[in-house]
Every structure is written in structure tokens, then in C-alpha cells.
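Before we start, here is the structure in question, set down as C-alpha cells.
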Amino acid sequence: MNQKKFRVGGNLLQEWSLYKGQAARRRQALASAQAPEGGQEALGLARLLHPAQQHVVVKKIETQREDCKTFWLGPDQEAGQSELAPFLPGQHLALTALVEGSPVSRPYSLMSSPAQARQGLYGLTIKAQGLLSRYLVEQAKVGDRFTLTGPEGDFTWQPLRDAPHLVALASGSGVAAFLSMARAVREGDLNLRMTLLYTCPWQDGFLHKKELDGLQGSGVEVRYFCPDCPDGSLEPLNAAQVDRAAGQEPYSLFWCGSHEAMAAFEKLIPQLKTKPQSLRAGEGSVWCAPQKGKSFRLRVHARTVTYTIEALPGETLLTAMERAGIAAPAPCRAGRCGFCRSRLIRGGYRVAPGFEGRLKGEEAEWLHPCCTYPEGDMEFEIYPV
Ligand code: FES
């Protein structure tokens with residue numbers, strides 16, 4: 001039988017005396033330490049690149065369509081924000097606003113360029129779909145103040161991985177990330193050639209068409225497609241159109257849009273005659289059609305504390321926790337980073353479209369509250385940092 005052996009005697013006493021008071025000594029040493037030369041600048045740069053939070057104010061609102069607006073956000077000087085964090089075209093921000101007294105957040109792709117961020121402006125095009133987006137489109141006004149986390153995300157063109165020719169497939173508001181890239185190409189912040197194939201179910205529903213048309217010829221080419229164009233002036237998008245856009249040179253293929261559109265784009269890939277050097281799918285949005293009626297009771301364990309809270313119809317577990325004042329970890333709020341992973345104890349749930357894999361096998365024992373909706377009373381454990 002294996003038995004653990006414990007050392008006793010002089011050596012152990014010696015070690016104990018070495019460690020005695022070590023925490024206090026470490027604190028003292030840290031407090032009196034000199035920062036290495038340049039350390040403060042490095043710290044300042046790190047804070048600018050990766051802020052815990054940004055405070056912004058709405059500077060301007062542009063109506064794109066009845067159900068869709070562009071919000072231009074600037075730093076909220078009153079909240080101590082003097083500049084905006086830089087970002088890579090294709091990244092997103094998570095915006096938090098108070099909706100009916102509860103904090104609600106959602107990620108949105110930036111449609112503005114890095115140069116505009118340097119001048120103190122972020123642009124987000126938001127379609128009235130889901131609790132927060134509907135609130136923003138229907139009620140937000142110039143002067144409203146919000147908080148942001150991010151920029152985040154790896155739906156970005158990288159010169160080491162991607163080809164200098166980018167073929168981009170967009171549908172609906174999924175064009176936002178590509179508009180940001182196209183602006184960056186024109187402004188010299190992205191050194192690539194881009195062919196954007198933009199498809200929309202309605203011939204007159206293309207977002208940002210005027211800006212996109214204005215970008216044509218500066219390293220950017222835009223072609224429009226419509227699956228069911230009434231006058232036949234636009235063709236539906238198919239694999240042959242993608243091959244034609246790709247041409248003979250190496251290219252990378254990126255796509256972004258609603259979950260249905262993303263699935264349709266992905267069906268084109270096996271039909272291509274050309275072979276993309278790299279593939280990159282957009283980060284989509286975390287959104288489920290809300291279910292009417294019932295709210296549910298959630299028991300949430302966070303270390304030594306257990307909360308009992310209510311989830312309103314159509315709320316993610318994350319939103320319900322935030323509304324109840326529970327500081328749940330959620331850097332991306334988009335089902336991407338895995339940081340909010342929590343342990344299911346009991347209860348049924350559904351996930352936002354695109355995250356169905358999480359309902360299978362071992363994954364089903366774990367939740368990502370940012371993209372999970374309760375289907376009854378639930379109990380789960382979160383891991384706050
Ligand atoms: S916050 Fe990133 S996966 Fe949930």
C-alpha cells in the first residue's frame with residue numbers, strides 16, 4: 001500500500017522560516033521598486049490598446065434605412081475619456097446601454113476606419129434586431145452616453161497568413177467589417193487589393209452603397225448581387241462569380257453576414273475551381289429570435305456566493321446576470337473567446353444560431369452565458385476572475 005511520507009525535523013523548520021513573512025516582504029519590495037526605463041510608456045500604450053472599458057457619447061446618427069442606422073461615437077470627455085483605442089479593420093466592439101433600467105450589451109462590427117478612430121470617431125451600423133439594437137435604432141439620440149469593451153476579434157486581414165488579394169463575400173449588415181477594410185485600403189492603412197461581392201435579398205436594400213461606390217477604383221472593387229432581382233439587372237451570387245473575382249492570382253476568401261447568409265457562402269466553397277490561400281469566416285452576431293412569455297429563475301454560483309435571479313424572456317444568461325449586478329466575466333460577449341465558460345448544474349437551454357456545436361457531447365456540460373438562452377429554470381456555476 002502506498003503511503004505518503006512527510007519529512008519532519010530541521011530541514012522543514014529551516015524552510016518554514018525562509019517562507020515566513022514572504023508575502024509582506026514581496027509587497028514591500030514591489031512598492032519600493034523602480035519601474036524600468038520606458039516602463040510607464042509601455043504601460044500607457046498597453047492601456048490604450050487594451051482598455052478595460054471606453055466611455056463614448058453619440059456625436060451623430062445617420063439613417064440608412066427605416067430599420068437601420070449608423071451611430072458615430074466619440075470619446076466622452078466628461079467621463080474622462082480623451083481618445084479612442086485603435087483597432088484593426090474587421091474587429092468589433094461590445095456596446096453596453098441601459099435598456100429599461102437594465103444594462104444590456106451586444107457586439108457590433110466597426111464600419112469606420114482606423115484613421116477615423118485616430119481622429120476620435122467610431123462608426124457602428126446597427127439594424128433593429130434584438131433588444132439592444134432595437135432600442136438603439138428606435139430610441140438612442142445624439143448626446144447619449146454608452147460604455148464599450150474591445151476592440152476585439154480576429155476577423156482581420158493578416159499579411160503573414162493572407163494573400164494580397166482579398167475576395168470578400170458580404171450580405172446585409174455583414175458589409176460593415178468590409179467597409180472598414182475598404183476605407184483602410186483607401187487611407188493606406190491596409191496594403192491589399194479587395195474585391196467585395198455584396199449580396200442583398202432586395203435590390204434597393206444595399207447598405208452604404210454610396211460610400212462603397214465612392215471607394216471603387218482605389219484598390220477596391222465592389223460587385224452587387226441579388227438572388228431574386230425583379231428587373232433582372234443583378235445576378236444571384238454563385239461559385240462561378242467568386243472564381244471570376246478571384247482571377248489567376250493567389251487570394252484569400254473572407255465572408256460575413258447573417259447566419260443564413262454565412263451558411264449559403266460556406267456552401268459555395270466546395271464548388272470553387274480556384275483555391276483560396278486562406279479562409280476566414282466573420283464573427284456573426286449572437287442573436288436568437290426572442291421567445292414570448294415566461295421568465296425563468298436562475299441559480300448562479302460564483303465562488304462562495306449563490307445568487308437567485310430572474311431571466312426575462314429573450315435574455316441571454318449573461319444579460320440576466322448583468323441586470324442583477326453579477327460581475328460575470330465576458331470580454332467578447334460574442335461566443336468567441338471562451339472566457340465566460342461556465343458549468344451547467346441543471347436546466348435546459350438553447351444557444352444562438354451558429355453555436356449549435358455547444359449542445360453536443362461533453363460541450364453540453366458547459367455553457368457560454370453570452371450566447372445561451374434559458375428554456376426553463378437553471379442552475380450553473382460561473383468563474384469570476
Ligand atoms: S464572453 Fe467570450 S465567449 Fe462568452
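In this chain, numbering begins with 1 at the start of the sequence shown. Remember, it's 1-based here, ligands and their atoms both numbered in the order they're listed.
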* **Distance filter under 4.0 Å to Gly338 heavy atoms, resulting ligand 1 atoms** =>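 So the atoms of ligand 1 that pass are 2 (Fe), 3 (S).
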* Do Lys209 and Tyr224 meet the cation-pi criteria used here (NZ or CZ under 6.0 Å from the six-membered ring centre, within 45° of the axis)? -> yes
* What atoms of ligand 1 come closer than 4.0 angstrom to any heavy atom of Cys370? -> 1 (S), 3 (S), 4 (Fe)
* Structure fact -> Residue pairs passing the salt bridge (Lys or Arg N to Asp or Glu O under 4.0 Å) test with at least one member in residues 66-75, sequence neighbours excluded, are Arg65-Asp67
* Between the candidates Cys340, Pro369, Cys371, which shows the shortest non-hydrogen contact distance to atom 4 (Fe) of ligand 1? -> Cys340
* For the residue pair Ser112 and Trp72, what are the closest heavy atoms and their distance? ->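 Closest approach of Ser112 to Trp72, heavy atoms only: CB-CZ3, 3.7 Å.
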* **Metal proximity, His368 vs atom 4 (Fe) of ligand 1, N/O/S cut-off 2.8 Å** => no
* To do: Start with the C-alpha gap between His55 and Glu78, add the side-chain angles, then the distance that decides, and say whether side chain to side chain donor-acceptor pair (under 3.5 Å) holds.
  => CA-CA 9 Å; His55 300 277; Glu78 278 180 33; over 6 Å; no
